[in-house]
Every structure is written in structure tokens, then in C-alpha cells.
Number of protein chains: 2
Amino acid sequence: MTRKSCNHDAAYGLFFGSLANHNRFSIINALRDGKKNVTEICELTDFEQTMVSHNLRRLEHCGMVFPERIGKCCYYQVNEKTIKPLLKLIDAHIEKYCCKILAGER
Amino acid sequence: MTRKSCNHDAAYGLFFGSLANHNRFSIINALRDGKKNVTEICELTDFEQTMVSHNLRRLEHCGMVFPERIGKCCYYQVNEKTIKPLLKLIDAHIEKYCCKILAGER
DNA sequence: GTGTCATATGACTAAATAATCATATGTACT
DNA sequence: AGTACATATGATTATTTAGTCATATGACAC
């Protein structure tokens, strides 16, 4: 492997951990068709505002979403450059190698 | 988003969760330069055998490693087709967007 | 400045996940 | 069959992570 510094390890953990959580994943999905503010995300996902804020903070920390303040609202947009190809890759993987999981096995 | 069945959601969670764990990530790294049996992985990583087995089972479940029994040893090889481009993608992301994390911030 | 809406933060609790321990299974060799 | 080595499994405990609650901050309008 291209062994890098131990902060790289931390970054991997934070990155993948951010995507592993179902609610965060839903938030990312909510943003996939365009930037939205926190209230809009809450409405779309039916999540509590504080929970959304906490999770957006983590997603931002990992460079997966970018905030933009307009007036009193804060709009978030997903990092298309990473998220799009990543999800494409994973979708292909899941279809090919995770048939057991898809079948409901666990 | 390309919304799929809820088992897809489960698959995403399992997939990313598998990579989020530091020890599992180390196991994947240990396998990156060729297939190894459990004992060899233990020696390389300095992890306990039961822990390695538990984690290999999960990685296998997610289609990230493939087992092959030869005699009394079980050799595991990483799923290059997914892991290689995935890590490449993430490395690029981390370099670009996670400078704060790389700088030790948390 | 006061009130209101939008979002963020910190502390605490609840829930999920991982590591460990004890033990079982499986294979080969004698 | 008996022993030794290799790996797997299940149950329990420890640790991590996420969600909730109370509250703070920030921006705007009056």
C-alpha cells in the first residue's frame, strides 16, 4: 500500500464512517438534486434540526458537503466531484458482490 | 438519487462501515500485496487471531475479500476490482478536501 | 434594543459496534 | 483414534458513535 501518515488513517476512518451512518446518507441523498438549507433538509428527511446540524457538521468536516450562508439560511451542497463517482463505484460493487445482503441476508 | 430498495441502504451501511474501522482497514492493507492466510495477517498486523477472523468474516460478507482454503490454511485475497479504484478515489479526495484532518485537527 | 426565525453547540443518554474470552470445528499427520 | 495446528463461532464486556435535550448564537425586521 501507499502507506501515508497516521493522520491519513484518521481521515479514512472519518470519511468512511461518515458514509456508514444511515441518516447521514439520507442527508447526502437529500442534497443530490441541488443545494438546500437546513430547514429544507429537515422537511425532506423528517429529521430533527439539531440532528441534521450535527450530521452536516461532520459531513462538512470530511469535505462531503459545502456550506454557503445566504441571509439567515445556510445552504449546503454536496461535493459532486467525490460523491458522484464514489456512489457509482459502490453501486456497481454492491450489485456484483453483495447479492446476499441485497437478498436480505445478514 | 437513484433510489433503490431498502436493502441497498443496508448494503451501503455495511460497506462503508466495514471500511470505517481502523483494524479492518489495516487488514485490507495487509492483503494489498497479495493473498495471505489468517496467521500471516495476524503476524503482519499484530492483531489477535479471533479478532482477525471476526473482521475477515465481515469483509468477506461485504465482498471485499475472498477466501480460499488450501489445506488447513485459509487464504484471503482482497477484491482488487473494487478496492483499488476506491482507495484511489478516496486518496484524491482526502488530499483535496481533508487538509484540516490531515493537519491533525479534529 | 426586542422579537423571531434559522442554525449551531455542548452535555448527556441511548444505541450500535467492536474486542475479548472461551470454546468449537476442521484438516493433516502419526 | 489421538494430537497439533489453523481458523471460526458465540457470548459477554468494553468502547465508540449517534441522537436528544436544553440552550446559545447569528441574522434580519420592527
Side-chain angles (χ1 to χ4, degrees), chain A residues 6 9-31 35-62 64-77 100-101 105-106, chain B residues 6 9-31 35-62 64-77 100-101 105-106:
Chain A
C6 68
D9 286 358
Y12 282 118
L14 284 170
F15 184 90
F16 290 120
S18 295
L19 293 167
N21 179 269
H22 184 271
N23 293 340
R24 272 191 298 267
F25 204 77
S26 298
I27 291 172
I28 287 179
N29 282 330
L31 294 176
K35 60 176 73 172
K36 297 190 177 52
N37 68 37
V38 180
T39 306
E40 290 169 337
I41 297 171
C42 289
E43 281 162 3
L44 264 163
T45 55
D46 210 43
F47 293 155
E48 277 231 53
Q49 182 267 315
T50 44
M51 191 264 253
V52 170
S53 275
H54 277 300
N55 282 316
L56 282 169
R57 186 157 161 273
R58 164 134 188 199
L59 291 172
E60 186 195 342
H61 188 235
C62 294
M64 289 181 201
V65 302
F66 307 118
E68 181 192 0
R69 184 126 208 164
I70 300 178
K72 32 182 192 169
C73 298
C74 190
Y75 286 83
Y76 284 87
Q77 68 180 309
K100 284 183 180 179
I101 299 170
E105 204 178 291
R106 213 268 125 119
Chain B
C6 68
D9 287 358
Y12 281 118
L14 283 170
F15 185 90
F16 290 119
S18 296
L19 293 166
N21 178 270
H22 184 271
N23 293 341
R24 273 192 296 268
F25 203 77
S26 298
I27 291 172
I28 288 179
N29 281 331
L31 294 175
K35 60 175 72 172
K36 296 190 179 52
N37 68 38
V38 180
T39 306
E40 290 169 337
I41 296 171
C42 290
E43 282 161 2
L44 265 162
T45 55
D46 211 44
F47 293 155
E48 277 230 55
Q49 182 267 313
T50 43
M51 190 263 252
V52 169
S53 275
H54 277 299
N55 283 315
L56 281 169
R57 187 157 160 273
R58 165 137 187 196
L59 291 172
E60 187 195 340
H61 188 237
C62 294
M64 288 180 200
V65 302
F66 307 118
E68 180 191 2
R69 183 129 210 164
I70 301 177
K72 34 182 192 170
C73 297
C74 190
Y75 287 82
Y76 285 87
Q77 67 180 310
K100 283 182 180 179
I101 300 170
E105 205 178 291
R106 214 260 127 127

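In what follows, chains carry the letters A, B, and so on, assigned in the order in which the sequence lines appear, proteins first and then strands, with residues in each chain numbered from 1. This one's a predicted model, so the numbers in the text were calculated from it and none came from an experiment.
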| query | Does a nitrogen or oxygen in the side chain of A:Arg57 sit under 4.0 Å from OP1 or OP2 of C:dT9? | reply | yes

| message | Could you go through A:Leu19 and B:Tyr12, starting from their C-alpha distance and side-chain angles, then the distance that decides it, and tell me whether this counts as side chain to side chain contact (heavy atoms under 4.5 Å, CB included)? | response | CA-CA 8 Å; A:Leu19 293 167; B:Tyr12 281 118; over 6 Å; no

Under 3.5 Å, sequence neighbours excluded: what are the donor-acceptor pairs made by side chains of residues 41-54 of chain A?
{"residue": "A:Thr45", "atom": "OG1", "partner": "A:Ile41", "partner atom": "O", "Å": "2.7"}
{"residue": "A:Thr45", "atom": "OG1", "partner": "A:Phe47", "partner atom": "N", "Å": "3.4"}
{"residue": "A:Gln49", "atom": "NE2", "partner": "A:Ser53", "partner atom": "OG", "Å": "3.1"}

| Can a side chain N or O of A:Tyr76 be found less than 4.0 Å away from OP1 or OP2 on C:dA6? | no

| field | Residue closer to the 5' end of DNA chain C, B:Ile70 versus A:Thr39 (nearest nucleotide) | value | A:Thr39

| Less than 3.5 Å between a donor and an acceptor, one on the side chain of A:His54 and one on the base of D:dT20, is that the case here? | yes

| task | Would you mind reading off the distance between B:Leu19 atom CG and C:dA18 atom P, rounded to a whole angstrom? | result | 11 Å

| request: Quick one: pull up CD1 in B:Ile70 and CG in B:Asn37 and give me the separation to the nearest 0.5 Å. | output: 9.0 Å

| said: When you measure from the side-chain N and O atoms of A:Asn55 to the phosphate of D:dT17, is any distance below 4.0 Å, counting only OP1 and OP2? | reply: no

| task | Respond yes when some side-chain nitrogen or oxygen of A:Arg69 is under 4.0 Å from OP1 or OP2 of C:dA6, and no when none is. | result | no

| query | A:Met64 and A:Phe15: side chain to side chain contact (heavy atoms under 4.5 Å, CB included), yes or no, with the steps? | reply | CA-CA 9 Å; A:Met64 289 181 201; A:Phe15 184 90; 3.4 Å; yes

| task | To the nearest Å, give me how far apart CD (A:Glu60) and C1' (C:dT7) are. | result | 12 Å

| message | What is the separation between atom CD on A:Glu68 and atom P on C:dT7, rounded to the nearest whole Å? | response | 13 Å

| request: State whether a side-chain donor-acceptor pair under 3.5 Å links B:Ser18 with B:Arg24. | output: no

| request: Rounded to the nearest angstrom, tell me the gap between atom CD1 in B:Ile27 and atom C1' in C:dA19. | output: 12 Å

| query | Heavy-atom contacts under 4.0 Å between residues 42-53 of chain B and DNA chain C, which residues? | reply | B:Glu48, B:Thr50, B:Met51

| request: Respond yes when some side-chain nitrogen or oxygen of A:Asn37 is under 4.0 Å from OP1 or OP2 of C:dA6, and no when none is. | output: no

| query | Quick one: A:Leu56 CG to C:dT9 P, roughly how many Å, whole number? | reply | 11 Å

| Separation of D:dA6 P from B:Lys36 NZ (nearest whole Å) | 17 Å

| field | Candidate pair A:Glu40 and A:Tyr75, rule side chain to side chain contact (heavy atoms under 4.5 Å, CB included), full reasoning | value | CA-CA 9 Å; A:Glu40 290 169 337; A:Tyr75 286 83; 3.9 Å; yes

| said: Check the orientation of A:Phe16 and B:Phe16. Use parallel for under 30°, tilted for 30 to 60°, and perpendicular for over 60°. | reply: parallel

| query | To the nearest Å, how far apart are B:Tyr75 OH and D:dT7 P? | reply | 8 Å

| Once you round it to whole Å, what is the distance between P of C:dA8 and NE2 of A:His61? | 15 Å

| Taking only N and O in the side chain of B:Arg58, is any of them less than 4.0 Å away from OP1 or OP2 of C:dT17? | no

